[in-house]
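Worksheet for the structure shown next.
Reminder, nothing fancy here: chain letters follow the sequence lines and each chain counts from 1.
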2 protein chains.
Amino acid sequence: MTEPAQARRIRLLIADDEHLIRGAMEALLGLEPDIEVVASADNGVTAAELAAATRPDICLLDLEMPQADGLEAAAKILAAVNTRVIIVTRHARPGVLRRALASKVSGFVPKSTPAQELAHVIRDVAAGKRYIDPDIAAAALTAERCPLTDRELDALRVSRSTTSVAQIAQAMHLAPGTVRNYLSSAMMKLNAASRHEAADRAWQQGWI
Amino acid sequence: MTEPAQARRIRLLIADDEHLIRGAMEALLGLEPDIEVVASADNGVTAAELAAATRPDICLLDLEMPQADGLEAAAKILAAVNTRVIIVTRHARPGVLRRALASKVSGFVPKSTPAQELAHVIRDVAAGKRYIDPDIAAAALTAERCPLTDRELDALRVSRSTTSVAQIAQAMHLAPGTVRNYLSSAMMKLNAASRHEAADRAWQQGWI
DNA sequence: TTAGGCCAATGACATTTGTCATGGCCCGAC
DNA sequence: GTCGGGCCATGACAAATGTCATTGGCCTAA
């Protein structure tokens, strides 16, 4: 072999909207001898563009980002580029992990992970393994599966950004009464006392 | 002088609830020759305890922390220890800056600050200066002053954590109708269509 | 084919909200 | 002093909200 082990470094893309954190991760991970940061973005859209342009081995995506969140970006990237995705998140809502895994994400870690361990995870994933933070996995497994129907989820989603039932109905092209029914049944299933509470709860669980 | 300039390093306390970020800041700032990280905490209460124990020159406090947030911790620390406080925050709500300055905080920066610049800020503050992020300052100055009365703010505060007016009324020891009036007038002043919207808006502005 | 689930809609209903008019209290201006 | 004006508090009223029962179309699995 003419090529030492060092020569084939892990090419890494980092996406996080907070400059301080992104910079810190770049600096700390760049310090590792076998990791090379080849791109960094502050939102999901440019992350996808840069991934297409630089074809990194691993993409480290923050879940909470403007324009396109980590999951949307992951979907776009994985469809276009042969790479692996690790999602980093602040609040690990159980349902999100389920959706992340469904879209072929390879790693899922909270921001409470020490940088040292994050480097380990990156190496593991680069080697073809998967890594899911044990706490998040446990939470996702103990968490009950979503009891809501598609339209109920839709209604809750829309209700998060609107005030009146009339607006929700208009946005969904439905009769107001129908919307109230969906919201009502969702509230019953989640035993919430108002649609806001229901929407909150569904969001906390990562269902919307 | 037998003591070189290097010998008197800036003693720094870091408090942030996210391990990844805290670790990154410790590592990056500790790399600076004139800065020494002497303590780190993951919540406001232990931050205050450590500040009392280690008496750092500068305390770098995240605004969003469990147990006690950055402002509460700052108040406790400044009352007990002769030190300076820099607040780091994710979402810079205008009103919070006002309150921070009222409690003698010396610096206020968003998490979008590059680490390099953060080091500058630390040095400036250590030298007795103040530093306020220009964007946040501008937002705080252009932001209208709170038009709400004390009771209205109380009602909004409580309404964030309760569902029904009846509960709010009980918590405030008022008749339900009175509470609805406060909420109503607050909604009018903030032209919101529901109390949740009003409470959200007031929170966004940093009034509660 | 039949039963069951989801979707969509409607009408009646009790409750909860938000709005409004009103009155007492205190304080500063004239 | 007394006259507004702001804040606090209340109850009455109309509108929006959530609940419930019911209907029908559609699709899927047994």
Donor-acceptor pairs are to be reported for all side-chain atoms of residues 130-137 of chain B against protein atoms at under 3.5 Å, with residues two or more places apart or in another chain.
residue: B:Arg130; atom: NH2; partner: B:Val105; partner atom: O; Å: 3.4
residue: B:Tyr131; atom: OH; partner: B:Glu117; partner atom: OE2; Å: 3.4
residue: B:Asp133; atom: OD2; partner: B:Asp135; partner atom: N; Å: 3.1
residue: B:Asp133; atom: OD2; partner: B:Ile136; partner atom: N; Å: 3.1

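Of all heavy-atom pairs between B:Leu13 and B:Pro56, the closest is CB-CG, 3.7 Å. Of all heavy-atom pairs spanning B:Leu78 and B:Lys104, the tightest one is CD1-O, 3.6 Å. Here the closest non-hydrogen pair linking A:Ala198 and A:Leu156 is CB-CD2, 4.0 Å.
Salt-bridge formation is not detected for the pair B:Arg9/B:Glu32: no Lys NZ or Arg NE/NH1/NH2 atom is positioned less than 4.0 Å from an Asp or Glu carboxylate oxygen. For the pair A:Glu26 and A:Arg22, the salt-bridge criterion is met [side-chain N within less than 4.0 Å of a carboxylate O]. In this structure, A:Lys76 does not pair ionically with A:Glu72, as no charged nitrogen and carboxylate oxygen lie closer than 4.0 Å.
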- Note on the structure: Heavy-atom contacts, protein to nucleotides 21-26 of chain D, under 4.0 Å, summarised as B (base), S (sugar-phosphate only) or - (none) per nt, yield B-----

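Listed pair A:Thr178 / C:dA9 meets the phosphate criterion, a side-chain N or O lying under 4.0 Å from OP1 or OP2. For the pair B:Ser164 and C:dT16, the criterion of a side-chain N or O lying under 4.0 Å from OP1 or OP2 is not met. At C:dG18, one or more side-chain N or O atoms of B:Arg195 fall inside 4.0 Å of OP1 or OP2 (strictly under the cut-off).
The stretch residues 198-208 of chain A has no heavy atom under 4.0 angstrom from DNA chain D at all. Within residues 148-163 of chain B, the residues that place at least one heavy atom under 4.0 Å from DNA chain D are, in residue-number order, B:Thr149, B:Arg151.
Both A:Pro176 and A:Tyr182 sit near DNA chain C, but only A:Tyr182 has its closest nucleotide nearer the 5' end.
Between B:Glu197 atom CD and C:dG18 atom P the separation is 11 Å, expressed in whole Å. In this structure, the CZ atom of A:Arg180 is 14 Å from the C1' atom of C:dA8, given to the nearest Å. Atom NE2 of B:His173 is separated from atom C1' of D:dA9 by 16 Å (rounded to the nearest Å). Distance CD1 (B:Ile168) to P (C:dT16): 13 Å, rounded to an integer number of Å. The interatomic distance linking A:Gln167 (CD) with D:dA16 (C1') rounds to 13 Å, in whole Å. Counting to the nearest Å, the P atom of C:dT16 and the CD atom of B:Gln170 are 14 Å from each other. The distance between atom CG of B:Leu183 and atom C1' of D:dC8, rounded to the nearest whole Å, is 14 Å. D:dC8 atom C1' lies 10 Å from atom CE of B:Met172, rounded to whole Å.
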- Would B:Asp34 and B:Arg8 satisfy salt bridge (charged side-chain N to carboxylate O under 4.0 Å, His left out), going step by step from the backbone distance to the final call? CA-CA 8 Å; B:Asp34 56 345; B:Arg8 187 64 188 87; over 6 Å; no

- Begin with the C-alpha distance, continue with both residues' side-chain angles, and end with the deciding distance and a verdict on salt bridge (charged side-chain N to carboxylate O under 4.0 Å, His left out) for B:Lys111 and A:Asp17. CA-CA 9 Å; B:Lys111 281 198 175 167; A:Asp17 58 327; over 6 Å; no

- Task: Just do the salt bridge (charged side-chain N to carboxylate O under 4.0 Å, His left out) check on A:Asp57 and A:Arg84 with the steps written out, would you?
- Result: CA-CA 6 Å; A:Asp57 299 309; A:Arg84 292 179 217 277; over 6 Å; no

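Residue contacts shown for B:Leu174 are limited to sugar-phosphate atoms, with no base heavy atom under 4.0 Å away. Among the heavy atoms of the strands, none lies under 4.0 Å from B:Met188.
Within the structure, every pair that satisfies the salt bridge (Lys or Arg N to Asp or Glu O under 4.0 Å) test and touches residues 177-195 of chain B, not counting sequence neighbours, is listed here: B:Glu152-B:Lys189.
Shown here are the side-chain hydrogen bond (donor to acceptor under 3.5 Å, both in side chains) partners of A:Glu18, two or more places apart in sequence or in another chain: B:Arg90.
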